[in-house]
A.B. asks: 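Let me give you the structure first, and then I'll get to my questions.
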Amino acid sequence: MSRYNFKLTEDKWQKFWEENKSFKSEINRDKKKYYCLEMFPYPSGKIHMGHVRNYTIGDVLSRYKKLKGFNVLHPMGWDAFGMPAENAARDNKLNPEDWTKSNIDTMKKQLKKLGLSIDWDREISTCSEDYYKHQQMFFLELLEKKLVYRKENYVNWDPVDETVLANEQVIDGKGWRSGATVERKKLSQWFFNISKFSQDLLDGLEKLKTWPNKVKTMQKNWIGKSFGCEIEFKLEGDLPVDKVKCFTTRPDTLFGFSFLALSADHEISNYYKDNKDFIKFKEECSKTGTTEEAIAVGEKIGFKTNLKAINPLKPDEKVPVFFANFVLMDYGFGAVFGCPGHDQRDFDFAKKYNLDIKTVVRPADKSDNFKVEREAYSGSGILINSEFLNGLNAPDKSVIETIKILEKKKLGKKQINYRLKDWGVSRQRYWGCPIPIIYDENGDHQAVPKSMLPVKLPKQINLDVKGNPLDSKDDWKEVTIDGKKYTRETDTLDTFVCSSWYYLRFCSPTENNYGFNKDEIDYWMPVDQYIGGVEHAILHLLYSRFFMRAIDYENSNFNITEPFESLFTQGMVCHETYKDINNNWLSPDEVEKKGDRYFNKSNGEEIKVGPSESMSKSKKNVIDPEFIINNYGADSVRLFILSDSPPEKDVQWSEQGMISSYKFIQKLWTLHNEIKLKINDEKKEIFDEELQEFTNLTIAKITNNLEKFNYNVIIANMYETYNFFVNYLKKNNHLKNLEENYIKILTCFSPIIPHFSSECLEDLNYNDNLSWPKYNNALLDKEKINVVIQINGRKRSLININRGISEKDLLKLVKEDKNCEKYLSKKEIKKIVYVENRLMNILINE
RNA sequence: GGGCGAAUGGCGGAACUGGUAGACGCGUUGGACUCAAAAUCCAAUAGUAGCAAUACUGUGAGAGUUCGAUUCUCUCUUUGCCCACCA
């Protein structure tokens, strides 16, 4: 017998699958479809371990479903637009397209080495004209449906690079590249009206039974529905404004009203734009750190106006009006009614500016003399000091009652508010999908005629300019249509737009007239299982859910509204981090372990070992998958990446673990050859029940664990199976039923280690067309079973009996049992709990 | 500040619907093979006591429900993740 040569075997099968188009998927209405999708990768250069984990999980599922008889769609593509390409191209004097395409080539080869069951004929890339053409059409469609609009909005502006920065590019308030202090700047940008679907997106979550609750909760919070009331406050003062609207969830505390706070961007601020103190105040506001935490914890500051606001329920009561840094312009109406007694933030503000703190809610167990002192009381209770509202239960009853009263008096009305904001999709970047809009000489926008789509990105581009490179590309920017001159929109679309509909494109990747073909969509959609990182729990998934609704809005193309039927979020791949004495990060292959200590390979210095963290280039704690695949083989890598932790949790990369997976494949090969010998044995006469039972149980376990994503347990089942066979074959020969059972076992292993299984099956003259073995439920219950005997709840013995023995007969055996005898003799039995075939608990007097 | 999880040997983790806690792997220890090492194979491995049979303790802490709790309920501790001045 020769050693298992993973290189030859894996190459052979990968070639076989490719040449035979083993994973090609076509509509077949006689079969049930299964659409398995993993989040497509960004072509950053090389695949990383996170990809290996993600795509292995998806591949196991796809292969399993295929064996189960489903018509499986398992595609792969590239999320190919984005900033890294632009940066890398500028740094290396390349073209973003060339950089991206070469990365795709590399990564595609690497992914193929994993032996994934992917239909590569459906490969798509979002940076191809063929893809973004349809995206531009969608954009124009949404524009027609008024789901796209243009408005002014604040952006992070880098004054040195003259460019817009994404939030993650702002580090400590400074631009990541230039180091210049980032400014807020108003720019006119394109928006998708996602907030129109707030309620619908919220309701849709209810239908997603197999999404992790964690993700659903995050989306729910992100949408942020709150029930309350809009109230109009009359203003008095020396300005030509006489009223302002506020949104509140607690109108019932209106008698605790002691100030009104406006956002510094509120329209009333226009009257103060030349006021020196106000300008100073605004500057002060922008100083408090930029991190969200700093803003949340930061000091509350205000600017007092000469205005007075009138309490609508108590017209003789007038309170001061402030501008305050904690009031957000884009939530509610950019104005808050302050009730310091029952809101901590208002309380802090009132303390600082010496405003009244009125108590209008008391806890149920306190008297009406209760007074808010050290901190606001925001719990439930009873309304007090509130005239006609006194005695109401707060907040449940009192809020509804108050709204009724306000509505009757025409002072306000019930309102539901959402935190979800419209999606700004403009990016001042070159490497993205061009927005198909042109501006005429008056600056008015209009759609690029559909016949002129796609608006192609210019191939030649100078990236060494300030701001958006497209802005400087005059020969591209200026167009003449029917003799009229226009200027193109130079903003490109957020890459999240590309990934919001790619799952539709996979269904009909070559459809030329439209983004998808309805027949194909009807057959393949929705995605039955979507798999990816939890970092996309909010934006990507919400945008995709929005996009399905938006495309369907007023069209009704689809029978479905939710794109992803099930969602699985896998954990990250982690590794220890290493630092030398100068606090420089070191990569694992620069480090050598001797005993419990670690040393730098090149100079022998001792290394500090840090905590295990998600693999990242910046911390250098990365393991290159290609290197590992070349060394140990794809099956070993697949085995290891699944073995150590449940797929939804983080997994710790371990060289030891990797080696042991490699060895396991070798051991399986040795076992295979032993089994083959015994299968070819001439004298096959014994039909063994134990083997039959074991195989049946194993199939049951693996099947159930596959269904529940307990992939780590499947690896344990595989080891168990190996151990069983090794011991079993030592004792048993001339087996008639060995071949049949072994083939079933190999089939069960094949989703995890497909190359190895295919090789073994072929070695025994079985072809690839096997189906998933069924297990027999009846056979799961063995004749002879162990029953636990407890005495007063403590395990005292284990008795091997025939299934279904009566309580009486078992008790007899128990009394004879030497372990139980000493506890039971001369003791009175008070009670017996008998769970058939499982356990007997005998209660006695001690 | 708000929300959602998690806590089991030296480590990663198993445990169906409340019914034998610690499957499987790593590590460690001992042994076989070898001139030796690697590889491989065999055995042991929660803790305490014991030669052993066995007994007691044990799933973050404390209570509760139950014949019986890793699993259900309550309180607390620690920890992770997400969101964050959302009116």
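In what follows, every chain begins at residue 1, and chains take the letters A, B, ... in the order their sequences are listed. Computed from a prediction, not measured in an experiment: that's the story for all the values here.
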A.B. asks: When you look for runs of 3 or more Watson-Crick or G-U pairs in a row, both distances below 3.5 Å, which of them include RNA chain B?
C.D. replies: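 Looking at RNA chain B, the stems formed by three or more consecutive pairs are B:1-7 with B:77-83, B:10-12 with B:24-26, B:27-32 with B:40-45, B:46-49 with B:54-57, B:60-64 with B:72-76.
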A.B. asks: Ignoring backbone atoms, test whether A:Tyr719 places a side-chain nitrogen or oxygen under 4.0 Å from the OP1 or OP2 oxygen of B:G25.
C.D. replies: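 False: A:Tyr719 side-chain N/O out of range (4.0 Å or more) of B:G25 OP1/OP2.
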A.B. asks: Looking at every strand, decide which applies to A:Ser226 at a 4.0 Å heavy-atom threshold: base, sugar-phosphate, or nothing.
C.D. replies: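 Contact class for A:Ser226: sugar-phosphate only.
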A.B. asks: May I ask you to check whether A:Thr577 and A:Asn621 show a side-chain donor-acceptor distance below 3.5 Å?
C.D. replies: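 Checked: A:Thr577/A:Asn621 side chains show no N/O donor-acceptor pair below 3.5 Å.
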A.B. asks: Tell me whether the count of non-hydrogen atoms from other residues, nucleotides or ligands lying under 6.0 Å of NZ in A:Lys352 goes above 12.
C.D. replies: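 Yes - once you tally the heavy atoms of other residues, nucleotides and ligands closer than 6.0 Å, there are more than 12.
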A.B. asks: Could you check whether A:Phe247 gets within reach of a base, just the sugar-phosphate, or nothing at all, counting any heavy atom under 4.0 Å?
C.D. replies: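 Counting heavy atoms under 4.0 Å across all strands, the contact made by A:Phe247 includes a base.
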A.B. asks: Over how many whole Å does the gap from A:Arg345 atom CZ to B:C86 atom C1' extend?
C.D. replies: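 It is 8 Å, rounded to the nearest whole Å.
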A.B. asks: My understanding is that only residues two or more places apart in sequence, or in another chain, count here; which of them pass ring pair (Phe, Tyr, Trp, His ring centres under 6.0 Å) with A:Phe326?
C.D. replies: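 Partners of A:Phe326 under the ring pair (Phe, Tyr, Trp, His ring centres under 6.0 Å) test: A:Phe349.
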A.B. asks: Show me the donor-acceptor pairs within less than 3.5 Å that the side chains of residues 836-843 of chain A make with the rest of the protein, sequence neighbours left out.
C.D. replies:
unit_1, atom_1, unit_2, atom_2, d
A:Asn837, OD1, A:Gly804, N, 2.8
A:Asn841, OD1, A:Gly793, N, 3.0

A.B. asks: Please table the atom pairs, donor to acceptor, closer than 3.5 Å between any side-chain atom in residues 412-420 of chain A and protein atoms at least two apart or in another chain.
C.D. replies:
unit_1, atom_1, unit_2, atom_2, d
A:Tyr418, OH, A:Gln199, OE1, 2.4
A:Arg419, NE, A:Asn221, O, 3.4
A:Arg419, NE, A:Trp222, O, 3.3

A.B. asks: I want to verify a distance call: between B:C86, B:A87, B:G3, whose nearest atom is closest to the A:Arg419 side chain?
C.D. replies: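 Nearest nucleotide to the side chain: B:C86.
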A.B. asks: Hey, does A:Val327 reach any base, or is it just sugar-phosphate, or nothing, if we go heavy atoms under 4.0 Å?
C.D. replies: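 Answer is base: heavy atoms of A:Val327 come under 4.0 Å of a base.
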A.B. asks: Please give, in whole Å, the distance from B:G2 C1' to A:Lys225 NZ?
C.D. replies: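 After rounding, the reported distance stands at 19 Å.
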A.B. asks: Is a salt bridge present between A:Lys282 and A:Asp265, judged by a nitrogen-to-oxygen distance below 4.0 Å?
C.D. replies: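 Answer for the salt bridge query: yes.
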A.B. asks: Return a single string for nucleotides 5-14 of chain B, one symbol per nucleotide in 5' to 3' order, where B is base contact, S is sugar-phosphate-only contact and - is none, cutoff 4.0 angstrom on heavy atoms.
C.D. replies: -------SSS
A.B. asks: With the side chain counted from C-beta on, respond yes when A:Asp644 and A:Trp653 share a heavy-atom pair under 4.5 Å apart, and no when they do not.
C.D. replies: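 Counting from C-beta outward, A:Asp644 and A:Trp653 never come under 4.5 Å.
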A.B. asks: It should be established whether A:Asn723 places a side-chain nitrogen or oxygen under 4.0 Å from OP1 or OP2 of nucleotide B:A23.
C.D. replies: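 Looking at the OP1 and OP2 atoms of B:A23, neither is under 4.0 Å from any side-chain N or O of A:Asn723.
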A.B. asks: Could you run down nucleotides 65-73 of chain B 5' to 3' and tag each one B, S or - for protein heavy-atom contact under 4.0 Å?
C.D. replies: --B------
A.B. asks: How would you summarise protein contacts on nucleotides 39-58 of chain B per nucleotide, using B for base, S for sugar-phosphate only and - for none, with heavy-atom distances below 4.0 Å?
C.D. replies: SSS-------------SSS-
A.B. asks: What residues, two or more places apart in sequence or in another chain, satisfy salt bridge (Lys or Arg N to Asp or Glu O under 4.0 Å) together with A:Lys649?
C.D. replies: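 Listed in chain order: nothing, the list is empty.
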A.B. asks: Tell me, please, which residues at least two apart from A:Asn5 pass side-chain contact (heavy atoms from CB on, under 4.5 Å).
C.D. replies: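 A:Lys7, A:Leu8.
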A.B. asks: Expressed as a whole number of angstroms, how long is the span from A:Lys300:NZ to B:G1:P?
C.D. replies: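 That distance rounds to 12 Å.
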A.B. asks: What pairs with A:Thr210 under side-chain contact (heavy atoms from CB on, under 4.5 Å), at least two apart in sequence or on another chain?
C.D. replies: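 So A:Thr210 forms a side-chain contact (heavy atoms from CB on, under 4.5 Å) with A:Ser566.
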A.B. asks: Using whole Å, report how far CG of A:Leu639 lies from P of B:G25.
C.D. replies: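 Rounded to the whole Å, the gap is 12 Å.
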A.B. asks: More than 12 foreign heavy atoms under 6.0 Å from CD of A:Glu267: is that the case here?
C.D. replies: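 Counting neighbours around CD of A:Glu267, 12 or fewer heavy atoms of other residues, nucleotides or ligands fall under 6.0 Å, so no.
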A.B. asks: So, using ring pair (Phe, Tyr, Trp, His ring centres under 6.0 Å) as the criterion, who are the partners of A:Tyr722 when residues are at least two apart?
C.D. replies: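 Applying ring pair (Phe, Tyr, Trp, His ring centres under 6.0 Å) to A:Tyr722 gives A:Phe664.
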A.B. asks: Mind checking what makes side-chain contact (heavy atoms from CB on, under 4.5 Å) contact with A:Lys196, not counting sequence neighbours?
C.D. replies: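 Residues passing side-chain contact (heavy atoms from CB on, under 4.5 Å) with A:Lys196: A:Leu147, A:Asn193, A:Tyr553.
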A.B. asks: Could you tell me the separation between the CZ atom of A:Arg838 and the C1' atom of B:A15, rounded to a whole number of Å?
C.D. replies: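 So the two atoms are 11 Å apart, to the nearest Å.
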